[in-house]
Trainee: 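Sharing a structure, written as structure tokens. Questions coming.
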Amino acid sequence: DLKARATIYRKIAAIAAAIQPVKPTGYNQDTKKKYADADDITAALKPLLGEHQLSITMHISQARREDTGQRTGSGTPYILTMLDCTFIIADGETGEMVVCPWSAEAADHMKDKGIPKALTIARRTFLIHTFQIIAEEEKQLYGGQQAEPRPDQAPRSQEQRPHAPT
């Protein structure tokens with residue numbers, strides 16, 4: 001149904017337009033940088049998903065583990081976990097679904113943390129990219145500046161329509 005398909009994409013776009021930048025509460029010891037973690041991003045999205053009657057589920061299709069050949073100082077191997085999954089965005093109003101294949105990977109020297117890390121990375125990156133979320137740490141990459149939209153790129157409301165050329 002084309003109308004249901006258009007509705008779900010309109011809802012995704014509305015959420016992307018409404019979501020505010022997410023403040024970082026996570027800290028990466030290796031890079032010494034703060035980041036917005038998956039729980040912060042989910043918490044920011046949850047009310048908007050509810051308002052638009054969208055739900056997101058994740059299904060793992062395959063998880064693979066591989067020794068990278070690298071070792072920690074104590075000789076423990078770094079294991080790379082590669083995860084293939086599918087995210088499904090479902091519209092509770094129309095029943096329409098968007099199926100999104102996704103992959104993630106995580107390196108870990110503990111033998112039991114690779115899959116949970118890869119799951120978290122998959123969820124975080126999927127949500128950021130799908131809903132165009134700006135994590136506050138990304139603003140630091142651009143000197144703390146938010147890009148100003150050009151006048152010809154100003155967002156239009158639903159009521160405004162482009163004018164036909166005369």
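Not measured: the values here are computed from a predicted model. In what follows, every heavy atom counts, from backbone to side chain, and hydrogens, waters and symmetry copies are set aside.
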Trainee: Within the side chain of K46, is there an N or O that forms a donor-acceptor pair under 3.5 Å with the backbone of A43?
Mentor: no
Trainee: Could you label the plane-to-plane angle of the W102 and H129 rings as parallel, tilted or perpendicular, counting under 30° as parallel and over 60° as perpendicular?
Mentor: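 W102 and H129: tilted rings.
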Trainee: Indicate the atoms forming the closest heavy-atom contact of K23 with D40, along with that distance.
Mentor: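 For K23 and D40, the tightest heavy-atom pair comes out as O-OD2, 3.8 Å.
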Trainee: Taking all heavy atoms of Y78 and all of D67, pick out the closest pair and write down the distance.
Mentor: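 Here Y78 and D67 meet closest at O-OD1, 3.7 Å.
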Trainee: Looking only at the side chains, is there a donor atom on one of T76 and R71 sitting less than 3.5 Å from an acceptor on the other?
Mentor: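 No, no side-chain donor-acceptor pair sits under 3.5 Å.
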Trainee: Using 0.5 Å steps for rounding, measure from the CZ atom of R65 to the CD atom of E105.
Mentor: 14.0 Å
Trainee: Would you say M97 has more than 12 foreign heavy atoms packed within less than 6.0 Å of its CE?
Mentor: no
Trainee: Given side chain to side chain contact (heavy atoms under 4.5 Å, CB included), test I89 with V99 step by step and report yes or no.
Mentor: CA-CA 7 Å; I89 304 172; V99 178; over 6 Å; no
Trainee: Restricting to side-chain hydrogen bond (donor to acceptor under 3.5 Å, both in side chains), what partner residues turn up for S55, sequence neighbours left out?
Mentor: none
Trainee: Within the side chain of T7, is there an N or O that forms a donor-acceptor pair under 3.5 Å with the backbone of K3?
Mentor: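 Yes; at least one donor-acceptor contact below 3.5 Å.
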Trainee: With hydrophobic residues grouped by side-chain heavy-atom distances under 4.5 Å, do I88 and L49 end up in a single group?
Mentor: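 Different clusters: I88 never reaches L49 through Ile, Leu, Val, Met, Phe, Trp or Tyr contacts under 4.5 Å.
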Trainee: With a 4.5 Å cut-off on side-chain heavy atoms, are K34 and T25 touching?
Mentor: no
Trainee: Any chain of hydrophobic side-chain contacts (each under 4.5 Å) joining F87 to L54?
Mentor: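 Yes.
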Trainee: Identify the heavy atoms of V98 and Y9 that sit nearest to each other, and give their distance.
Mentor: CG1-OH, 3.7 Å
Trainee: Quick one: does T125's side chain have a donor or acceptor within less than 3.5 Å of a partner on A122's backbone?
Mentor: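 Indeed, once roles are kept as given, a pair shorter than 3.5 Å links the two residues.
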Trainee: Could you give the distance from CG (D37) to CG (N28), rounded to the nearest 0.5 Å?
Mentor: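 Taking CG in D37 and CG in N28, the distance rounds to 12.0 Å.
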Trainee: Check whether any side-chain heavy atom of K11 lies under 4.5 Å from a side-chain heavy atom of E93, and answer yes or no.
Mentor: yes
Trainee: Report the C-alpha distance between D39 and T120 in whole Å, list the side-chain angles of each, state the deciding distance to 0.1 Å, and finish with yes or no for side chain to side chain contact (heavy atoms under 4.5 Å, CB included).
Mentor: CA-CA 9 Å; D39 292 337; T120 299; over 6 Å; no
Trainee: With a 4.5 Å cut-off on side-chain heavy atoms, are I15 and T130 touching?
Mentor: no
Trainee: Name the residue from I41, L48, L45 that meets the side chain to side chain contact (heavy atoms under 4.5 Å, CB included) definition with F131.
Mentor: L45
Trainee: Counting distance only, does the side-chain N/O of R124 pair as donor-acceptor with the main-chain N or O of A36 below 3.5 Å?
Mentor: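 Here the side-chain-to-backbone pair exists.
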Trainee: Do the side chains of M82 and M58 join up, straight or via other hydrophobic residues, at under 4.5 Å, putting them in one cluster?
Mentor: no
Trainee: What closest approach, in Å, do T68 and L80 show between heavy atoms, and which atom pair accounts for it?
Mentor: CG2-CB, 3.7 Å
Trainee: Looking only at non-hydrogen atoms, find the nearest pair between D108 and G114 and report the distance.
Mentor: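 For D108 versus G114, the nearest heavy atoms are OD2-N, 3.9 Å.
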Trainee: Atom OG1 of T81 and atom CD1 of I121: how far apart are they, to the nearest 0.5 Å?
Mentor: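 With rounding to 0.5 Å, OG1 (T81) is 9.5 Å from CD1 (I121).
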Trainee: Between the side chain of S61 and the main-chain N/O of D84, is any donor-acceptor distance below 3.5 Å?
Mentor: yes
Trainee: Does K117 use its side chain to pair, donor to acceptor, with the backbone of A106 at less than 3.5 Å?
Mentor: no
Trainee: Minimum heavy-atom separation for A44 and V22, please, with both atom names.
Mentor: CB-CG2, 3.9 Å
Trainee: Kindly write out the residues that satisfy side chain to side chain contact (heavy atoms under 4.5 Å, CB included) with A4, not counting sequence neighbours, or none if the list is empty.
Mentor: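 A4: side chain to side chain contact (heavy atoms under 4.5 Å, CB included) contacts with D1, T94, E96.
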